[in-house]
Participant: 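Below: one structure in structure tokens.
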Amino acid sequence: MLNESCLVKTCKPSIMFTRVPEVDLSDPEAKSLIIKASKECGFFKVVQHGVAFELITNLENEVLRFFHQPQPQKDKVGPPDPCGYGSRKIGANGDEGWLEYLLINTNPDDPKSLHLFQQNPANFRSAVEDYIGAVKNLCSDVLELMADGLGVEPRNVFSRLTMDERSDCLLRVNRYPVCAELDEFEALSEQYLIGFGEHTDPQIISVLRSNNSHGLQICLRDGTWASIPPDQTSFFVIVGDLLQVMTNGRFKSVKHRVLTDSTISRISIIYFGGPPLNENIAPLPSLVLKEEESLYKELTWQEYKTATFKSRLSDNRLRLFEKFPSE
């Protein structure tokens, strides 16, 4: 029963975030708007992004076809390790959510990705790869505008990490089903069904797109949870932990979560831009001013990724790599 589920949590009241920072990539002031949003909340919406809507709808149609298959067919590309098909269980440390998902390595030669493609029609693979190609370029454009806005050189100081052929980038597709009991349950309590628990993203940057459904919330600086109005024609950019390190804390990775919608299932597609596994990550020297100190120890993405796999979703993983951890 729903009211016995460990996914039902008492959540702090949330507000509707009507002031989501919006960046038009064709605007000459885009770099300044991106810097302001990345510093203030680690989250912004991108419009005029150049990704054809046809690519978006093609992928959404293909993943919906996948999720609507009989369970035994979906299980052929699971369990996740971490890539593959999974449901409810998130990671290996006890986190769960009201969802099913696909996690795909963007390297087309990855064995798990190849197995997924072999188990599905050719249209599935072409939709995934076309989408990845377009959003990878969008990710690069945003990161280069960030470098421009910060005044750091070379311009590809961030983007080269996600564009490298060895980059460890992922595509995650989450489906949050409607729960028939949810309307009545929420009306009788202040508790909600957790689709995906609160967390920050460990990579450099995340680019998220969802269908026209509510559920995504971010945690503002004062601890208030803010619901993000859906916009299926735009992308949302989320600052990741590694970008917080590289900017020496100027940008903040934002904690976010998903609550289940009681009327419509939610599909979200997230591209995680990560560096090569052996890449050394540290604050950029040009962003550590003379009167400042470097806030973080140098680390490799492999080290940080390992720490992520050993932690719970809500853990502050960056604390392990702070030079001066707060109490």
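All values reported here derive from a predicted model rather than from experimental measurement.
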Participant: If Ile, Leu, Val, Met, Phe, Trp and Tyr residues are connected whenever their side-chain heavy atoms lie under 4.5 Å apart, and connections chain through other members, are Val207 and Met163 in the same group?
Facilitator: no
Participant: For Ile35, is there any backbone N or O sitting under 3.5 Å from a side-chain donor or acceptor partner on Ser38?
Facilitator: no
Participant: Which residues satisfy the ring pair (Phe, Tyr, Trp, His ring centres under 6.0 Å) test with Phe236, sequence neighbours excluded?
Facilitator: Phe43
Participant: Is Arg88 positioned over the aromatic face of Trp98, cation under 6.0 angstrom from the ring centre and no more than 45 degrees off axis?
Facilitator: no
Participant: According to a 4.5 Å side-chain heavy-atom criterion applied to Ile, Leu, Val, Met, Phe, Trp and Tyr, with indirect links allowed, do Ile205 and Ile104 form part of one hydrophobic cluster?
Facilitator: yes
Participant: Test of understanding: clusters of I, L, V, M, F, W, Y form through side-chain heavy atoms closer than 4.5 Å, transitively. Do Val239 and Leu161 belong to the same one?
Facilitator: yes
Participant: I'd like to know if the side chain of Arg250 reaches the main chain of Leu287, judged simply by a donor and an acceptor atom lying under 3.5 Å from each other, with no hydrogens or angles considered.
Facilitator: yes
Participant: Without hydrogens or angle criteria, can the side chains of Arg166 and Asn278 be said to hold a donor-acceptor pair below 3.5 Å?
Facilitator: yes
Participant: In the single-linkage hydrophobic clustering (I, L, V, M, F, W, Y; side-chain heavy atoms under 4.5 Å), do Phe272 and Val135 co-cluster?
Facilitator: no
Participant: Excluding sequence neighbours, so at least two apart, what forms side-chain hydrogen bond (donor to acceptor under 3.5 Å, both in side chains) with Tyr101?
Facilitator: none
Participant: Not counting sequence neighbours, which residues clear side-chain hydrogen bond (donor to acceptor under 3.5 Å, both in side chains) with Glu29? List them please.
Facilitator: none
Participant: Could you grab the distance from atom CG of Leu313 to atom CZ of Arg317, nearest 0.5 Å is fine?
Facilitator: 7.5 Å
Participant: Report yes if some heavy atom in the side chain of Ser294 is under 4.5 Å from a heavy atom in the side chain of Lys323; otherwise report no.
Facilitator: yes
Participant: Is there a continuous path of hydrophobic side-chain contacts, each under 4.5 Å between heavy atoms, that joins Leu208 to Val128?
Facilitator: no
Participant: Can you measure from CG (Asn212) to CD1 (Ile267) and round to the nearest 0.5 angstrom?
Facilitator: 13.5 Å
Participant: Test Leu25 against every option in Val47, Leu33, Leu138 by the side-chain contact (heavy atoms from CB on, under 4.5 Å) rule and name the one that passes.
Facilitator: Leu138
Participant: Under the criterion side chain to side chain donor-acceptor pair (under 3.5 Å), I'd like the reasoning laid out for Asp241 against Ser253: C-alpha separation, chi angles, the key distance, then a yes or no.
Facilitator: CA-CA 5 Å; Asp241 292 344; Ser253 58; 2.7 Å; yes
Participant: Taking salt bridge (Lys or Arg N to Asp or Glu O under 4.0 Å) as the test, write out the residues that go with Asp201, two or more places apart.
Facilitator: none
Participant: Begin with the C-alpha distance, continue with both residues' side-chain angles, and end with the deciding distance and a verdict on side chain to side chain contact (heavy atoms under 4.5 Å, CB included) for Met146 and Lys31.
Facilitator: CA-CA 6 Å; Met146 286 178 172; Lys31 64 182 181 181; over 6 Å; no
Participant: Say whether, by atom type as modelled, one donor and one acceptor occur between the side chain of His68 and the main chain of Leu64 under 3.5 angstrom.
Facilitator: yes
Participant: Which atom pairs, donor and acceptor, lie under 3.5 Å between side-chain atoms of residues 150-158 and protein residues at least two apart or in another chain?
Facilitator:
from: Arg155; atom 1: NE; to: Asp148; atom 2: OD1; distance (Å): 3.0
from: Arg155; atom 1: NE; to: Asp148; atom 2: OD2; distance (Å): 2.7
from: Arg155; atom 1: NH1; to: Glu144; atom 2: OE1; distance (Å): 2.9
from: Arg155; atom 1: NH2; to: Asp148; atom 2: OD2; distance (Å): 2.9

Participant: To the nearest 0.5 angstrom, please state how far the NE2 atom of His214 sits from the CG atom of Leu259.
Facilitator: 12.5 Å
Participant: Report the residues that fulfil salt bridge (Lys or Arg N to Asp or Glu O under 4.0 Å) with Lys255, sequence neighbours left out, ordered by chain and then residue number.
Facilitator: Glu198
Participant: Please table the atom pairs, donor to acceptor, closer than 3.5 Å between any side-chain atom in residues 48-59 and protein atoms at least two apart or in another chain.
Facilitator:
from: His49; atom 1: ND1; to: Val51; atom 2: N; distance (Å): 3.0
from: His49; atom 1: NE2; to: Thr233; atom 2: O; distance (Å): 2.8
from: Thr57; atom 1: OG1; to: Phe53; atom 2: O; distance (Å): 3.2
from: Thr57; atom 1: OG1; to: Glu54; atom 2: O; distance (Å): 3.1
from: Asn58; atom 1: ND2; to: Glu54; atom 2: O; distance (Å): 3.3

Participant: Are any side-chain N or O atoms of Asn120 and backbone N or O atoms of Leu116, one a donor and one an acceptor, separated by less than 3.5 Å?
Facilitator: yes
Participant: Suppose we screen for side-chain hydrogen bond (donor to acceptor under 3.5 Å, both in side chains). Which residues come up paired with Glu298, at least two apart in sequence or across chains?
Facilitator: none
Participant: Can a donor-acceptor pair be found, under 3.5 Å and without considering hydrogens, that links the side chain of Asn137 to the backbone of Gly133?
Facilitator: yes
Participant: For the side chain of Asn248 and the backbone of Leu295, is there at least one donor-acceptor N/O pair under 3.5 Å apart?
Facilitator: yes
Participant: Check whether any side-chain N or O of Arg266 sits under 3.5 Å from a backbone N or O of Ser213 as a donor-acceptor pair, and report yes or no.
Facilitator: yes
Participant: Verify side chain to side chain contact (heavy atoms under 4.5 Å, CB included) between Tyr296 and Gln244, making sure each step is shown before the conclusion.
Facilitator: CA-CA 10 Å; Tyr296 302 96; Gln244 179 170 324; 2.8 Å; yes
Participant: Checking His199 side chain against His256 main chain: does a donor-acceptor pair fall under 3.5 Å?
Facilitator: yes
Participant: Of all residues at least two apart in sequence or in a different chain, which pass the side-chain hydrogen bond (donor to acceptor under 3.5 Å, both in side chains) check with Lys45?
Facilitator: Asp231
Participant: Could you state the interatomic distance from CD (Glu96) to OG (Ser87), rounded to the nearest 0.5 Å?
Facilitator: 9.5 Å
Participant: After noting the C-alpha distance and the side-chain angles of Gln302 and Glu279, does the key distance pass the side chain to side chain contact (heavy atoms under 4.5 Å, CB included) rule?
Facilitator: CA-CA 8 Å; Gln302 179 67 78; Glu279 187 72 33; over 6 Å; no
Participant: Between His115 (side chain) and Lys76 (backbone), is there a donor-acceptor pair under 3.5 Å?
Facilitator: yes
Participant: Checking Phe321 now: which residues fulfil side chain to side chain contact (heavy atoms under 4.5 Å, CB included) with it, not counting sequence neighbours?
Facilitator: Leu299, Tyr304, Ala307
Participant: Is the closest side-chain heavy-atom distance between Glu129 and Phe117 below 4.5 Å?
Facilitator: yes
Participant: When you measure from the side chain of Arg312 to the backbone N and O of Asn93, does any donor-acceptor pair fall under 3.5 Å?
Facilitator: yes
Participant: Side-chain contact, heavy-atom cut-off 4.5 Å: Pro275 with Asp168?
Facilitator: no
Participant: Would the number of heavy atoms belonging to other residues, nucleotides or ligands and lying under 6.0 Å from NZ of Lys89 be above 12?
Facilitator: no
Participant: Run the salt bridge (Lys or Arg N to Asp or Glu O under 4.0 Å) test against Lys310 and tell me which residues pass, sequence neighbours left out.
Facilitator: none
Participant: Applying side chain to side chain contact (heavy atoms under 4.5 Å, CB included), run through Asn174 and Ile270 and close with a yes or a no.
Facilitator: CA-CA 8 Å; Asn174 293 334; Ile270 313 101; 3.8 Å; yes
Participant: So how far is it from Ser113 OG to Ile132 CD1, rounded to the nearest 0.5 Å?
Facilitator: 7.5 Å
Participant: Please examine the side chains of Ser265 and Tyr176, heavy atoms only from C-beta on, and report whether any two atoms are closer than 4.5 Å.
Facilitator: no
Participant: Using the salt bridge (Lys or Arg N to Asp or Glu O under 4.0 Å) rule, take Arg125 and Glu62 through it: C-alpha gap first, then chi angles, then the decisive distance, then the call.
Facilitator: CA-CA 9 Å; Arg125 178 170 187 167; Glu62 287 299 321; over 6 Å; no
Participant: Going by atom types only, do Asn280 and Thr300 share a side-chain donor-acceptor pair under 3.5 Å?
Facilitator: no
Participant: Identify each donor-acceptor pair in which a side-chain atom of residues 77-86 lies under 3.5 Å from a protein atom, sequence neighbours left out, and give them as a table.
Facilitator:
from: Asp81; atom 1: OD1; to: Lys112; atom 2: NZ; distance (Å): 3.2
from: Tyr85; atom 1: OH; to: Gln71; atom 2: NE2; distance (Å): 3.2
from: Tyr85; atom 1: OH; to: Glu100; atom 2: OE1; distance (Å): 2.6

